[in-house]
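Input: a single structure, listed below in structure tokens.
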Amino acid sequence: MTPKGNMSALYFHSAVAEWYGRNARDLPWRSEPYVSDPYAILVSEVMLQQTQVDRVVPKFNEFMAAFPTLAKLAAAQLGDVIRLWSGLGYNRRAVRLHLLAATVLELMGGELPSDVERLRALPGVGPYTAAAVACFAFGAAVPVAETNIYRVLSRVTWGVDGPSRKDLDATVAAFLPDKASPFSASAWHQALMDLGATICTARSPRCGLCPLRDVCRTAPLLRQSGERDLAKASVPYAPKQSMFAGSARFYRGRIVEVLRGLSGGQAMSLAELGFALFDAFDVQRDTERMNALVDGLARDNLVVREDEWVQLP
DNA sequence: TTCCAGGATG
DNA sequence: CATCCTGGAA
């Protein structure tokens with residue numbers, strides 16, 4: 001299995017640059033004042049973890065208004081950060097972001113590190129976010145690998161028989177812009193993400209609008225059959241999903257959402273929470289489950305429990 | 001109604 | 001490898 005041989009990085013960059021020039025999404029963290037504020041970039045990237053741009057944009061603006069600096073975030077009540085996170089999902093990200101702010105303030109003099117290594121060590125910052133912040137906020141020419149970029153490069157250079165993760169990481173690195181490229185590393189990765197999010201989508205890619213259709217290894221197959229199965233087959237590492245409704249993570253989300261409705265410092269009893277959650281809450285039968293749910297949330301610092309009383313931290 | 005997009009962590 | 005959440009697409 002090898003990537004298509006006749007593909008020059010220069011052609012790639014030129015075609016995508018031309019497209020990006022006309023189709024770049026106008027996102028708040030891509031313009032002033034946020035684009036030159038590493039903290040703002042970090043916030044946007046944490047929000048973008050597992051969350052689509054459309055849902056992030058309004059929350060990002062709210063968040064920056066409420067916690068305009070890293071110091072302000074560190075000083076904020078965690079419960080207020082969790083409250084603001086409503087609708088984004090994966091609430092633990094809010095907890096980690098708050099912890100990150102405190103960590104940077106205490107250990108790094110309030111200055112976010114600019115290199116992948118040290119960024120990676122911060123809470124809630126994994127390989128993607130570390131690379132994204134280093135590249136987008138500090139201009140580092142490092143490969144940034146996330147699902148859109150993987151999908152675009154996999155389809156274009158490898159085809160439907162997916163490469164290994166290692167192969168694909170090598171591909172991302174191989175296409176990093178050099179001096180001759182019309183792209184900065186930052187703009188290149190953002191262009192690929194825009195392409196993946198708007199054209200080279202997972203379910204039904206719009207190959208007719210893609211600047212890379214003429215060199216894409218997958219486009220001819222998609223055009224020929226137009227089949228969703230084939231589109232799906234060309235998505236690398238699509239995880240299988242487990243049931244959501246009725247699951248622990250479903251009720252965890254509901255609990256936090258109910259507690260958000262309380263004003264700061266106010267608590268709710270376990271039983272009251274139960275009735276708010278289950279249409280047929282039975283104290284005898286469901287108390288054990290409530291305990292498990294709430295204790296799990298408390299372990300993640302998403303709630304604080306005192307005997308029968310629960311509230312946001 | 002079901003399906004699915006989307007990174008970090010233990 | 002399982003867990004963490006939500007809303008929009010199909």
Side-chain angles (χ1 to χ4, degrees), chain A residues 41-60 81-100 103 116 119-136 143-152 154-155 165 168-169 172 189 192-206 226-229 231-260 277 292-303 312:
Chain A
I41 303 290
L42 185 267
V43 169
S44 75
E45 291 304 338
V46 170
M47 286 187 171
L48 287 163
Q49 291 167 6
Q50 303 293 279
T51 309
Q52 263 109 302
V53 162
D54 289 346
R55 244 184 309 156
V56 167
V57 168
K59 283 295 165 183
F60 172 81
V81 184
I82 294 172
R83 247 183 279 276
L84 200 146
W85 209 261
S86 175
L88 283 175
Y90 294 106
N91 299 312
R92 288 190 292 189
R93 291 181 295 167
V95 177
R96 295 191 177 123
L97 191 52
H98 185 257
L99 177 61
L100 180 154
T103 305
V116 170
L119 283 163
R120 177 69 185 76
L122 294 169
V125 176
Y128 165 73
T129 307
V133 172
C135 184
F136 306 157
V144 178
E146 52 79 78
T147 174
N148 287 293
I149 292 176
Y150 276 143
R151 188 175 58 252
V152 173
S154 184
R155 277 180 174 157
R165 169 77 60 150
L168 208 37
D169 280 330
V172 176
H189 290 120
L192 281 186
M193 290 192 282
D194 282 17
L195 200 53
T198 63
I199 304 288
C200 193
T201 58
R203 290 196 213 194
S204 31
R206 306 153 70 191
E227 282 177 27
R228 256 204 310 290
D229 290 349
K232 268 180 67 178
S234 64
V235 176
Y237 326 123
K240 307 128 196 89
Q241 218 147 230
S242 46
M243 179 192 67
F244 176 60
S247 67
R249 107 212 279 134
F250 171 79
Y251 286 112
R252 283 169 56 102
R254 294 287 314 278
I255 290 173
V256 173
E257 188 56 32
V258 168
L259 294 177
R260 282 187 177 110
L277 244 57
L293 250 14
V294 167
D295 288 341
L297 286 166
R299 230 172 289 126
D300 292 334
N301 284 319
L302 275 161
V303 306
L312 292 185

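Residue numbers begin at 1 in each chain, while the letters A, B, ... track the order of the sequences.
Which of B/dT9, B/dG7, C/dA9 sits closest to the side chain of A/Tyr128 comes down to B/dG7. Here the side chain of A/Pro127 is nearest to one of B/dG6, C/dC5, B/dA8, namely B/dA8. Checked against B/dA5, B/dA8, B/dG7, the side chain of A/Arg203 finds its nearest nucleotide in B/dA5. Of all nucleotides listed (B/dA5, B/dA8, C/dC5), B/dA5 comes nearest to the side chain of A/Ala202. Closest approach to the A/Arg120 side chain among B/dG7, B/dT9, C/dC5 is made by B/dT9 (side chain taken as heavy atoms from C-beta onward). Side-chain proximity of A/Thr129 to B/dG6, B/dA8, B/dC4: nearest is B/dA8.
Nucleic acid contact class of A/Pro239 (heavy atoms, under 4.0 Å, all strands): none. As judged by a 4.0 angstrom heavy-atom cut-off over every strand, A/Asp300 is placed among residues making no nucleic acid contact. Nucleic acid contact class of A/Ser242 (heavy atoms, under 4.0 Å, all strands): none. At a threshold of 4.0 angstrom between heavy atoms, the contacts of A/Asp54 with the nucleic acid are absent. Note on A/Arg55: a base of the nucleic acid sits closer than 4.0 angstrom, heavy atoms only. Using a 4.0 Å heavy-atom criterion, one finds that A/Leu97 contacts no nucleic acid atom at all.
At whole-Å resolution of the value, CD in A/Gln241 and C1' in C/dC5 are 10 Å apart. Atoms CG (A/Leu100) and C1' (B/dA8) sit 13 Å apart, rounded to a whole Å. In this structure, CG of A/Leu42 is placed 14 Å from C1' of B/dA8, rounded to the nearest angstrom. Per the geometry, CZ belonging to A/Arg92 stands 13 Å off P belonging to C/dT6, to the nearest Å. Between the P atom of B/dG6 and the CG atom of A/Leu88 lies a distance of 16 Å, rounded to the nearest Å. Regarding A/Tyr150, its OH atom lies at a distance of 14 Å from the P atom of B/dG6, rounded to whole Å. Atom CG of A/Leu119 is separated from atom C1' of B/dG7 by 15 Å (rounded to the nearest Å). Rounded to whole Å, atom P of B/dG6 lies 21 Å from atom NZ of A/Lys59.
Taking every heavy atom of both residues into account, A/Val144 and A/Ala131 meet most closely at CG2-O, 3.8 Å. Closest approach of A/Leu119 to A/Ala134, counting heavy atoms only: CD1-N, 3.7 Å.
Each of A/Tyr90 and A/Ser204 has a nearest nucleotide on DNA chain C; the 5'-most of these lies closest to A/Tyr90. Comparing A/Val125 and A/Thr51 along DNA chain B, the residue whose closest nucleotide (by nearest heavy atom) sits nearer the 5' end is A/Thr51.
A donor-acceptor contact shorter than 3.5 Å links the side chain of A/Arg93 to the backbone of A/Val46.
Between A/Arg254 and the phosphate of C/dC5, there is no side-chain N or O to OP1/OP2 separation shorter than 4.0 Å. Taking side-chain N and O atoms only, A/Lys232 has a distance below 4.0 Å to OP1 or OP2 of B/dC4.
The existence of a salt bridge linking A/Arg254 and A/Glu257 is excluded, since no basic side-chain nitrogen approaches an acidic carboxylate oxygen closer than 4.0 Å.
Between the side chain of A/Gln49 and the base of B/dG7, no donor-acceptor pair of N or O atoms lies under 3.5 Å.
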For this session: Please step through side chain to side chain contact (heavy atoms under 4.5 Å, CB included) for the pair A/Val256 and A/Ile82, ending with a clear verdict.
Result: CA-CA 8 Å; A/Val256 173; A/Ile82 294 172; 3.8 Å; yes
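A/Arg96 places none of its side-chain heavy atoms less than 4.5 Å from the side chain of A/Leu122.
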